Amino acid sequence: MTASSQISPSDGPTPRAGDAHVTALARALLDWFDSRERDVAWRHERDPYRIWVAEVMAQQTRVGTVASYYARFTERFPTVFALAEADLDEVLHVWQGLGYYARARHLHAAAGQIVERHGGEVPSDVEALRSLSGVGPYTAGAVASIAFGVAEPAVDGNARRVISRLFDLERSTPARLDTLARSLVDAAVDRPAEMNQAIMDLGGSVCSPRRPACGDCPVSSGCRALAAGTVALRPPRREPRSSPIRTAASAVVWRDGAVLFVRRPERGLLGGLWDFPGTKPEEGPVAPGDAGLVEELRDAHGIVIAPLEPAGEAFARIRHAFSHFHLELVLFETRWISGKAGSVDDQMAGSATGYAWVTPDRFEKFAVPAYLRSPLRSLGQGAR
DNA sequence: AACACGGGGCC
DNA sequence: GGCCCAGTGTT
């Protein structure tokens with residue numbers, strides 16, 4: 001049995017904190033949350049540091065994907081101090097494959113800020129949290145409420161959908177969502193953590209984007225969008241953005257049984273990850289062949305490689321979808337002739353110089369974009 | 001206000 | 001194989 005039968009639909013204008021609709025919603029959501037099997041491992045966490053890490057990982061990423069990364073990350077960096085003292089390169093390596101690498105960079109930077117400003121203790125104050133790198137309104141509210149019991153809303157994408165539907169919001173602006181989420185948190189006396197998680201979990205399960213299971217919903221009788229028949233319209237979908245095709249060529253440069261890795265700039269796409277040297281992705285559906293590859297390595301890296309055969313066969317062709325463009329990457333195997341970029345023996349050159357000659361047995365020690373994993377496996381199998 | 005920023009799951 | 005998802009920082 002759910003508490004939904006106790007909720008009467010209200011058709012009034014703007015709901016206010018403390019009104020009967022909000023009170024009934026809050027009670028039903030808490031009842032539902034309390035009776036539910038918790039399906040998220042870190043919901044049992046009490047350590048603010050670990051809660052913070054989990055919330056940052058959960059941004060933009062499904063919980064099922066996060067789980068193994070979370071286990072590895074917290075094992076390798078068990079405390080704020082461990083994270084603050086680590087090399088960014090190693091943090092990125094643990095983060096490899098999770099995407100949105102700025103999160104890892106900000107997490108690392110924020111650990112240093114917590115050590116400096118707060119003696120290594122994650123702050124409970126929302127403003128202090130908000131001033132940390134990579135901590136925005138959502139993460140600040142989530143950590144404050146879940147780790148410290150502070151009565152602050154935490155509006156992620158799931159909460160946004162749930163609230164937009166419960167209150168049938170035509171336009172769900174951040175300010176509007178914050179006000180309504182806060183009213184629910186305030187109505188859940190002394191249980192802000194459970195209230196926020198109930199809302200988010202509902203959005204992550206019953207109140208899904210496409211096929212909400214309104215028949216199983218603990219607050220269906222208080223859902224104004226359901227009553228109005230507008231569930232599918234709440235929240236309004238953002239119009240899809242165009243995703244142009246960009247093409248690029250990269251070089252697998254062999255030298256004495258090792259391959260040249262270059263470190264990508266910390267800012268920007270795949271920032272701080274290791275990559276093959278090559279041309280910049282340029283718009284256009286036409287395959288670039290090897291055009292410009294030899295010149296690019298000479299001009300950008302001061303490395304001379306053997307000229308590619310005119311009809312040189314590509315080692316691999318990769319298609320990878322980013323959220324805002326499609327990458328078509330062609331890899332060519334080639335030989336080093338001359339140029340700086342350290343030596344094969346100097347294995348420590350990597351992080352400091354941005355260049356590393358890497359033998360296949362060490363490929364896995366480098367953080368690379370997900371789309372290079374498969375080609376790297378192939379390279380490792382055929383020894384040169 | 002609009003855009004940059006990954007990768008995986010779903011249909 | 002294309003579509004969808006969605007916090008924070010930057011501009």
Side-chain angles (χ1 to χ4, degrees), chain A residues 52-70 92 94-110 113 126 129-144 152-164 171-175 177-178 181 196 199-200 203-205 207-213 232 234-246 264-275 280-281 283 285 317-329 367-374:
Chain A
W52 167 49
V53 170
E55 292 301 335
V56 172
M57 281 194 171
Q59 293 169 14
Q60 319 289 292
T61 311
R62 287 181 161 76
V63 293
T65 305
V66 165
S68 65
Y69 285 90
Y70 177 70
L92 285 170
V94 178
W95 202 272
Q96 167 186 14
L98 201 50
Y100 285 110
Y101 297 91
R103 292 183 295 169
R105 216 167 54 236
H106 290 138
L107 208 48
H108 181 241
Q113 293 157 5
V126 180
L129 286 165
R130 195 66 185 72
S131 73
L132 299 171
S133 292
V135 176
Y138 166 72
T139 307
V143 172
E152 281 289 327
V155 182
D156 70 348
N158 288 326
R160 174 169 178 267
R161 183 168 55 255
V162 168
I163 293 168
S164 295
R171 288 187 63 254
S172 41
T173 63
L177 292 166
D178 182 89
N196 283 327
I199 296 169
M200 292 189 281
S205 56
C207 196
S208 60
R210 311 281 205 83
R211 299 166 187 268
R234 307 284 184 256
R237 298 202 190 288
R238 70 171 56 179
E239 49 201 78
R241 298 172 192 172
S242 68
S243 186
I245 297 174
R246 295 183 197 167
R264 300 177 62 96
E266 280 192 11
R267 294 174 61 118
L269 187 71
L270 305 167
L273 268 57
W274 292 87
D275 197 2
K280 306 280 174 289
E283 201 159 322
R317 293 177 180 274
I318 299 162
R319 288 189 59 112
H320 185 77
F322 293 93
S323 39
H324 51 308
F325 71 95
H326 283 76
L327 176 66
E328 287 188 6
L329 180 64
V368 300
Y371 60 79
L372 286 185
R373 280 191 218 139
S374 169

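Sequence lines set the chain letters: A, B, ... in the order given, protein chains first and strands last, and positions in each chain run from 1. This one's a predicted model, so the numbers in the text were calculated from it and none came from an experiment.
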Enquirer: Summarise how protein sits on nucleotides 3-8 of chain B as a single string, 5' to 3': B when a protein heavy atom is under 4.0 Å from the base, S for sugar-phosphate-only contact, - for no contact.
Expert: BBBBBB
Enquirer: The criterion is side chain to side chain donor-acceptor pair (under 3.5 Å); which residues satisfy it with A:R264, sequence neighbours excluded?
Expert: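 Result, side chain to side chain donor-acceptor pair (under 3.5 Å) vs A:R264: A:D275.
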Enquirer: Which value, in whole Å, describes the distance between the P atoms of nucleotides B:dG9 and C:dT8?
Expert: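 Going atom to atom, P in each nucleotide, I get 23 Å.
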Enquirer: Can you list everything that forms a salt bridge (Lys or Arg N to Asp or Glu O under 4.0 Å) with A:R319? Sequence neighbours excluded, please.
Expert: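 Counting only residues at least two positions away or on another chain, A:R319 forms a salt bridge (Lys or Arg N to Asp or Glu O under 4.0 Å) with A:E328.
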Enquirer: Under 4.0 Å, heavy atoms only, any strand: does A:V56 hit a base, just the sugar-phosphate, or nothing?
Expert: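 No contact.
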Enquirer: Base, sugar-phosphate or nothing for A:R161? Non-hydrogen atoms, less than 4.0 Å.
Expert: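 It contacts sugar-phosphate atoms only.
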Enquirer: Looking at residues at least two apart in the chain, or sitting in another chain, which of them share a salt bridge (Lys or Arg N to Asp or Glu O under 4.0 Å) with A:R234?
Expert: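 Testing A:R234 for salt bridge (Lys or Arg N to Asp or Glu O under 4.0 Å), a comparison that skips the adjacent residues, returns A:D168.
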Enquirer: A side-chain contact here means heavy atoms from C-beta on lying under 4.5 Å apart; do A:E55 and A:Y138 qualify?
Expert: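 Yes - at least one pair of side-chain heavy atoms lies under 4.5 Å apart.
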Enquirer: Please enumerate all residues that pass side chain to side chain donor-acceptor pair (under 3.5 Å) together with A:T65, with sequence neighbours excluded.
Expert: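 Residues passing side chain to side chain donor-acceptor pair (under 3.5 Å) with A:T65: none at all.
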Enquirer: Run the salt bridge (Lys or Arg N to Asp or Glu O under 4.0 Å) test against A:R160 and tell me which residues pass, sequence neighbours left out.
Expert: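 Per chain and number, A:R160 pairs via salt bridge (Lys or Arg N to Asp or Glu O under 4.0 Å) with no residue.
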Enquirer: Can you list everything that forms a side chain to side chain donor-acceptor pair (under 3.5 Å) with A:S131? Sequence neighbours excluded, please.
Expert: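 With neighbours one apart ignored, the set is A:R117.
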Enquirer: Could you check whether A:R160 gets within reach of a base, just the sugar-phosphate, or nothing at all, counting any heavy atom under 4.0 Å?
Expert: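 Nothing, no nucleic acid heavy atom in range.
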Enquirer: Considering only the P atoms, how many Å lie between C:dG9 and B:dG8, rounded to the nearest integer?
Expert: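 Straight-line distance between the two P atoms is 24 Å.
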Enquirer: Earliest and latest nucleotide of DNA chain C, 5' to 3', sitting under 4.0 Å from a non-hydrogen atom of chain A?
Expert: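 Contacts span C:dC4 to C:dT11, reading 5' to 3'.
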Enquirer: For A:R103, give me all partners under side chain to side chain donor-acceptor pair (under 3.5 Å), at least two apart in sequence or on another chain.
Expert: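 Here the qualifying residues are A:T61.
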